[in-house]
Every structure is written in structure tokens, then in C-alpha cells.
Amino acid sequence: MVTTHTLNLFVGAFTLLNITRTQNGNPIADVTYGEVPAGTIMYTPTGYMSAVLTATDPSLRPLDLTLPAQSNQTDAEWAKVGEHTLGYSGPFYFNDTVSTDDFHGQIIHGPLIAATLPSFVGSLQHRDFVFTENGNYLNLIGNLGDGVVDSLWWKRLVRNVTFV
Ligand SMILES: *[C@@H]1O[C@H](CO)[C@@H](O)[C@H](O)[C@H]1NC(C)=O
Ligand SMILES: *[C@@H]1O[C@H](CO)[C@@H](O)[C@H](O)[C@H]1NC(C)=O
Ligand SMILES: *[C@@H]1O[C@H](CO)[C@@H](O)[C@H](O)[C@H]1NC(C)=O
């Protein structure tokens, strides 16, 4: 059984430190988010999550685009944004059969309510998790199929409440 301690470790916000992609255990380049990815992931105490991942390299991420889209902006520029960005949100729960202790287990994001990638809507995203350093660092590991595994390290963001 996943404990309330594990749930409490998830509650909060984390910033992305790095992504390592491997295939059959060998590191491979991650062209999705480039060499310096950015991201946040958040978990609410009521059982919902959201994640945003983007590239930061301007060659993967045209900086001059605005909303609403303008007629002098190309579909190719917008396609780059689509290819190098992922955002999604939905409920989360735990896979009880995989948990070993409070700091290790498997979290399931989904069924996703909204996602930038249309095929993710309604999907379940399984991620093995490891918390280190008293819960301040979170490693999420996702199996993308064909032996491709993404390992994302996240660092907890400090409490930031300016209205009290
Ligand atoms: C596109 O149009 C907007 C407003 O119409 C303008 O501010 C911008 O400089 C234009 N961008 C390019 C690349 O021409
Ligand atoms: C939980 O993990 C086990 C082992 O990886 C897997 O077989 C099972 O499908 C998972 N359960 C859910 C609900 O995803
Ligand atoms: C908290 O947020 C405010 C903006 O609302 C920002 O100015 C401040 O630097 C933040 N503090 C921390 C510790 O991140």
C-alpha cells in the first residue's frame, strides 16, 4: 500500500533538472526537448497533477510567436513548438503492486484530462518514482516502448506564498 507519507512527498511543485534518454540501457540523444529542457510538475493534495516540458533552444522554439497566431507566422514555426513541447494534466494514483517503500514505487498520471499531444488525452502515463534527499529530489522514469526509457530528475520548489 502506498502511504500518506508518499502522497505528502508528491504534493507540491517541482522544477525540471535534466532528462536522460536511453535505449536498451545505452544513452541516446533526446531531440524532443533539446540539450537544455525546462519544465515544472505539480501535484495537488486532492489528487491531480500537471506537467509542462519545453525546449529552451531557440532553434527548437521560435521566440517571436505570439497568441493569437499572426498571418506572418509560419506553420513550420508553430510545428516546432508542437514537436518540442508537452503539457498535460489529470488525476494521479499509485500502482500498489510496485511500491517497495515510501520513497520508491510507481505513480500513474491519468486518465489525462487535457494534453498538448492529442493522443495523450485519456491515456495513463506510468512513471516509476524515486525520492532522494528527504523528498527534495524526485526521479520519474517512463518506459516509452522499443526499449526507450526517459529518466527525468526534478527538484522541489520552495514554498512561495506572498499573500499572507
Ligand atoms: C508580424 O506582424 C506583427 C504584427 O502585425 C509584427 O509586430 C511583427 O513584427 C511581424 N513579424 C514579422 C517577422 O514580420
Ligand atoms: C502495476 O505494475 C505492474 C508491474 O509493472 C503492472 O503489471 C500493472 O499493469 C500495473 N498496474 C496498473 C494499474 O497499471
Ligand atoms: C515568490 O514569488 C514572487 C513573485 O510572486 C517572486 O518575486 C519571489 O522571488 C518568489 N520567491 C521565491 C523564494 O521563489
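Numbering of ligands and ligand atoms starts at 1, following listing order.
- The V158 neighbourhood of ligand 3 comprises atoms 13 (C), with distances under 4.0 Å to a heavy atom of that residue.
- The salt bridge (Lys or Arg N to Asp or Glu O under 4.0 Å) check on R156 picks up nothing, with sequence neighbours excluded.
- The aromatic rings of F10 and F94 lie tilted to each other, with the angle between the two planes from 30° to 60°.
- The ring pair (Phe, Tyr, Trp, His ring centres under 6.0 Å) search around F103 returns H5, not counting sequence neighbours.
- Among the atoms of N160, some N or O lies under 3.5 angstrom from an N or O of ligand 3.
- As a member of the Ile/Leu/Val/Met/Phe/Trp/Tyr network built from side-chain separations under 4.5 Å, I141 groups with V149.
- Closest approach of P62 to V81, counting heavy atoms only: CD-CG2, 4.0 Å.
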Starting from the N and O atoms of ligand 2, collect every protein N/O partner closer than 3.5 Å and put each pair on its own line with the distance to 0.1 Å.
from: ligand 2; atom 1: 2 (O); to: N95; atom 2: ND2; distance (Å): 2.3
from: ligand 2; atom 1: 11 (N); to: N95; atom 2: ND2; distance (Å): 2.9
from: ligand 2; atom 1: 14 (O); to: H126; atom 2: NE2; distance (Å): 2.7

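- Between Y48 and F92, a ring centre-to-centre spacing not shorter than 6.0 Å is recorded.
- When the options T15, N136, L138 are evaluated for a side-chain contact (heavy atoms from CB on, under 4.5 Å) with K155, the one that passes is T15.
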